[in-house]
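Only one structure is covered here, and it is reproduced in the block below.
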Number of protein chains: 2
Amino acid sequence: MLSKKTKYGLKALTFIARSESGMPVRVGEIAGSESIPQKFLETILLTLRKAGILGSKKGKHGGYYLRSHPSAVKMTDVMRVLEGPIAMVPCVSLNYYEKCDDCPDEHQCSVHRLMIEVRDSTLKVLRNTTLEDLALKDS
Amino acid sequence: MLSKKTKYGLKALTFIARSESGMPVRVGEIAGSESIPQKFLETILLTLRKAGILGSKKGKHGGYYLRSHPSAVKMTDVMRVLEGPIAMVPCVSLNYYEKCDDCPDEHQCSVHRLMIEVRDSTLKVLRNTTLEDLALKDS
DNA sequence: ATTAATCCTATCAATTTAATAGGGATTACA
DNA sequence: TGTAATCCCTATTAAATTGATAGGATTAAT
């Protein structure tokens, strides 16, 4: 399951990408428009800022803005920041590899091989999708 | 993340598929060989039996066996039984569809569209993989 | 009968998730 | 200079999920 955190984060990024004005977007505005609890969204956008995806401006007329053009914001990056590893098992993760304690030899593990295929197919989608694609309207 | 339940279940199914004798396989034997807590595995195999994937024989010399040839056991079915929906959001699930409360129109939801693509690519893998594939040794 | 197995359901502890709380720090601008 | 608006930070909490265990009931072979 996709966490609410990730879902809210993606919606917020889309909202910011669509807001063409170039001005920082207030958390409250996003929260209101997208039906997201504001305080929760604050922590999410903070995470995205710390990850370098968003920038922020404090104080009156402050808010969040994209650090790069939407076409340069890859879903792989966003998902890793918000949802964590893309792989479904750590022993198959490119960025967060970890050995399983219940596997003497992962090259003979049937689950391992299946999960590599799932990971690769998911990666293909996420690598080929950017925030610009998400921000397109309709269909 | 793949749950332990699913991981254990897949390993157990692989073990049974590899055990060519045709005789029912005891839970204890699988648990021992695959380092799975036996009592936990009992409940998992029970689930697989209730789903029609495994059959069982009670009493002495009892155990679990496959109801179909490994090549007929699709990963889509196994995953749905053990892990639940393949889609990452309910509004994109083929078998467990549910509307999101925070989406006025899901056809305009950017997350929705992305998740359809992820679902389809995962489905393609899972539909094309059977227990027979998992049971192949090595690489 | 005895033994060895599955079957069933309840329960528990740990973790994760979703959300809230309560301010602190910074900035615009009157 | 002061005040309102905004992001920043961390802690806490409640609910849900997960992983595992417990304790027998039932069934079948010998």
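Per chain, numbering begins at 1; letters A, B, ... match sequence-line order. Below, all heavy atoms of this structure are taken into account, side chains as well, without hydrogens, waters or symmetry copies. Predicted model only: the values in this text are computed from it and were never measured.
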(message) Quick check: on DNA chain C, is the nucleotide nearest A:Lys4 upstream (toward 5') of the one nearest A:Glu42, or the reverse? Name the residue that is more 5'.
(response) A:Lys4
(request) On DNA chain C, check which nucleotide each of A:Tyr8 and A:Lys57 is closest to and give me the residue with the more 5' one. (result) A:Tyr8
(request) Look at the side-chain N and O atoms of B:His61 and state whether any lies under 4.0 Å from the OP1 or OP2 oxygen of D:dT30. (result) yes
(request) Kindly say if A:Arg26 contacts the phosphate of D:dA5, meaning a side-chain N or O under 4.0 Å from OP1 or OP2. (result) no
(request) Determine the contact category for A:Lys7: base if any of its heavy atoms lies under 4.0 Å from a base atom, sugar-phosphate if only primed atoms, P, OP1 or OP2 are that close, otherwise nothing. (result) nothing
(message) Over all strands shown, is A:Gly28 touching base, sugar-phosphate only, or nothing at heavy-atom distances under 4.0 angstrom?
(response) nothing
Tell me, do [X] and [Y] make a side-chain contact under 4.5 Å, heavy atoms counted?
X       : Y       : value
A:Pro24 : A:Tyr64 : no
A:Arg80 : A:Tyr96 : yes
B:Lys99 : B:Pro90 : no

(message) Salt bridge or not between B:Lys11 and A:Asp102? Use side-chain N to carboxylate O under 4.0 Å.
(response) yes
Check the distance between [N]'s [atom2] and [X]'s [atom1] and give it to me in whole angstrom.
X       : N      : atom1 : atom2 : answer
B:Lys11 : D:dG19 : NZ    : P     : 14 Å
A:Ile44 : D:dC7  : CD1   : P     : 14 Å
A:Leu41 : D:dC8  : CG    : C1'   : 14 Å
B:Arg49 : D:dT27 : CZ    : P     : 12 Å
A:Met23 : D:dT6  : CE    : P     : 11 Å
B:Leu82 : D:dT18 : CG    : P     : 12 Å
A:Leu45 : D:dC9  : CG    : C1'   : 14 Å
B:Met1  : D:dT18 : CE    : C1'   : 11 Å

(request) Taking heavy atoms of chain A and a 4.0 Å limit, find me the 5'-most and 3'-most nucleotide of DNA chain C within that range. (result) C:dA18 to C:dC29
(request) Go through the structure and list residues passing side-chain contact (heavy atoms from CB on, under 4.5 Å) with B:Ala87, not counting sequence neighbours. (result) B:Val92, B:Ser93, B:Arg119
(request) May I ask you to check whether over 12 heavy atoms, not counting those of B:Glu29, lie within 6.0 Å of atom CD? (result) yes
(message) So, under a plain 3.5 Å distance rule, would you say the side chain of B:Lys39 forms a donor-acceptor pair with the base of D:dG24?
(response) yes
(message) Can you see whether B:Glu117 engages A:Thr129 through a side-chain donor-acceptor pair at a distance of less than 3.5 angstrom?
(response) no
